[in-house]
Amino acid sequence: MSVHLFENLEMAPADPILGLNELFKTDGNPKKVNLTIGIYLDEQGICPVLSSVKQAEKILLEQETTKNYLSIEGEAHFGKLVREQLFGAGHKVLKENLAATVHTPGGTGALKVGADFVAIQFPGAAVWISDPSWANHRMLFSAAHYEVNSYPYLDAENYGLKFDAMLETLESVPEGNLVLVHGCCHNPTGIDLARDQWDRLAELFGRRSLIPFIDIAYQGLGDGLEEDAYGVRAFGEAGINMLVASSFSKCFGLYRERVGALTLLASSPEEAERALSNLRICVRTNYSSPPAHGGMIVDAVLSTPELQKLWRNELDVMRERIINMRRLFVETLKAMGVRRDFGFLLQQKGMFSYTGITGTPVLRLRDEYGVYMLENGRINVAGITPRNVEYLCGAIAAVLEE
């Protein structure tokens, strides 16, 4: 008789976001609306393949000559393009070779490699994340055996940012700890740091022995490619050593291709090269080398002037659609007589927004109207379309105004 190795395993809880997405799929309501999972959807509610991506794939299909492994850190040219998007061409970080980049399976892969690197190089470091943050941040660092703490961020009563409380907490974080900061389009709140706040944060990190880790997964979907990188560039200008996790899932629509990167900023080229040698070990013991296809698409688009121009135009369309849906959502709620003022949503950035709708109304929206959002009130604004906004706002009016 074989040994039943797994008979005592308990069923693991569903992922809080992906689990809701599975519930949505089985919901029989023909008018159901999914505002949960963080993907860009067009006006037809479809996650599109960008024309720039399609054209790049056609070039690759015709020109690709091998399926050999990439190097552990990925192609050097891809890393260069990542750094240019983060810091801007001509930035002193690039000119002085102060940064090293590894190509990772998505932004999540970048976070995992960075977490492993810090745990090895700075044993005992705890991590601090915003309250609230993307749910997988806490799970990822907990799985990497970090003590996970949080710093104030959301002012739920005023739908704003607790910036002074955030600074006060970070002033008291023990030296040598890791601090995770959202680079733009904060998930789940959509509430971003202003430029002067980034400058004050850079000043704090510049004089304290903390390890900044900037997660910039939505560059280009807030105010623009250059504008959204302000925080990363402010830290770079200040010469602050840091880690940056970036993703091409959102701005290129390459979700299933898993294209991300981890960039490390050091104080000298020699430091950067030594750090890269240690990052290679973290990659080797995780997934050995990155998948090629998605990175090759990004490289082809950013290296071909016509494709880069097309991609930037497509990215502009995506960003403007999100902004327009945010505005239409607020205007429609007001027109339907909802007394609560949702105007604060217009100040939030990117795909996500914190609505302030929590508790019983969230459950009623799901059970009675087939409207799915997270229990903390976060919605994916890209899930709103001209076709579903009336039904969505009518459902919200029904549960809030009764």
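As the structure is a computational prediction, the values presented were derived from the model and not from experiment. Quick note: numbers below take in every heavy atom, side chains included, and nothing from hydrogens, waters or symmetry partners.
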Worksheet item: Which of these, Leu201, Val232, Asp215, Ile216, sits in a side-chain contact (heavy atoms from CB on, under 4.5 Å) with Val181?
Response: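 Single side-chain contact (heavy atoms from CB on, under 4.5 Å) partner of Val181 among Leu201, Val232, Asp215, Ile216: Leu201.
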
Worksheet item: For Cys393, which of Leu328, Leu333, Asn388 qualifies under side-chain contact (heavy atoms from CB on, under 4.5 Å)?
Response: Leu333

Can you tell me if [X] uses its side chain to pair, donor with acceptor, with the backbone of [Y] under 3.5 Å?
X      : Y      : result
Lys32  : Phe24  : yes
Gln197 : Ala194 : yes
Tyr255 : Tyr40  : yes
Asn286 : Lys112 : no
Glu257 : His293 : no
Arg195 : Tyr230 : no

Counting neighbours of [atom1] on [X] that are heavy atoms of other residues, nucleotides or ligands and sit closer than 6.0 Å, is the number greater than 12?
X      : atom1 : value
Glu157 : CD    : no
Glu10  : CD    : no
Arg284 : CZ    : no
Glu227 : CD    : yes

Practice prompt. Evaluate the ring planes of Phe117 and Phe122, with Trp represented by its six-membered ring, and classify them as parallel (under 30°), tilted (30 to 60°) or perpendicular (over 60°).
Written response: perpendicular

Worksheet entry | Trp134 and His137 aromatic ring geometry - parallel, tilted or perpendicular at 30°/60° bounds | perpendicular

Worksheet entry | Which residues share a side chain to side chain contact (heavy atoms under 4.5 Å, CB included) with Lys31, sequence neighbours left out |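 With sequence neighbours excluded, Lys31 shows a side chain to side chain contact (heavy atoms under 4.5 Å, CB included) to Asn29, Tyr391, given in chain and number order.
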
Cationic N near anionic O, under 4.0 Å, [X] to [Y]:
X      : Y      : result
Glu96  : Lys92  : no
Arg387 : Glu390 : no
Asp42  : Arg321 : no
Glu237 : Arg233 : no
Arg280 : Glu273 : yes

Discussion item. Applying salt bridge (charged side-chain N to carboxylate O under 4.0 Å, His left out), can you list everything that pairs with Glu203, at least two apart in sequence or on another chain?
Written reply: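 Expected list: Arg207.
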
Got a second to check how far [X]'s [atom1] is from [Y]'s [atom2], nearest 0.5 Å?
X      : Y      : atom1 : atom2 : answer
Leu161 : Leu154 : CG    : CG    : 8.5 Å
Met325 : Leu345 : CE    : CG    : 13.5 Å
Leu365 : Leu400 : CG    : CG    : 7.5 Å

Item to complete: Please find out if less than 6.0 Å separates the ring center of His182 from that of Tyr218.
Response: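 No, too far apart.
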
Discussion item. Quick one, Val173 and Leu170 - any side-chain contact, counting heavy atoms below 4.5 Å?
Written reply: yes

Practice prompt. Just do the salt bridge (Lys or Arg N to Asp or Glu O under 4.0 Å) check on Asp316 and Arg312 with the steps written out, would you?
Written response: CA-CA 6 Å; Asp316 289 344; Arg312 285 176 174 264; over 6 Å; no

Worksheet item: Looking only at heavy atoms, which two atoms of Ile191 and His186 are closest? And how far apart?
Response: O-CB, 3.3 Å

Item to complete: Just jot down the side chain to side chain donor-acceptor pair (under 3.5 Å) partners of Arg366, sequence neighbours excluded, or say none.
Response: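 With sequence neighbours excluded, Arg366 shows a side chain to side chain donor-acceptor pair (under 3.5 Å) to no residue whatsoever.
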
Worksheet item: Do Lys334 and Phe342 meet the cation-pi criteria used here (NZ or CZ under 6.0 Å from the six-membered ring centre, within 45° of the axis)?
Response: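 No, cation not above the ring by the 6.0 Å, 45° rule.
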
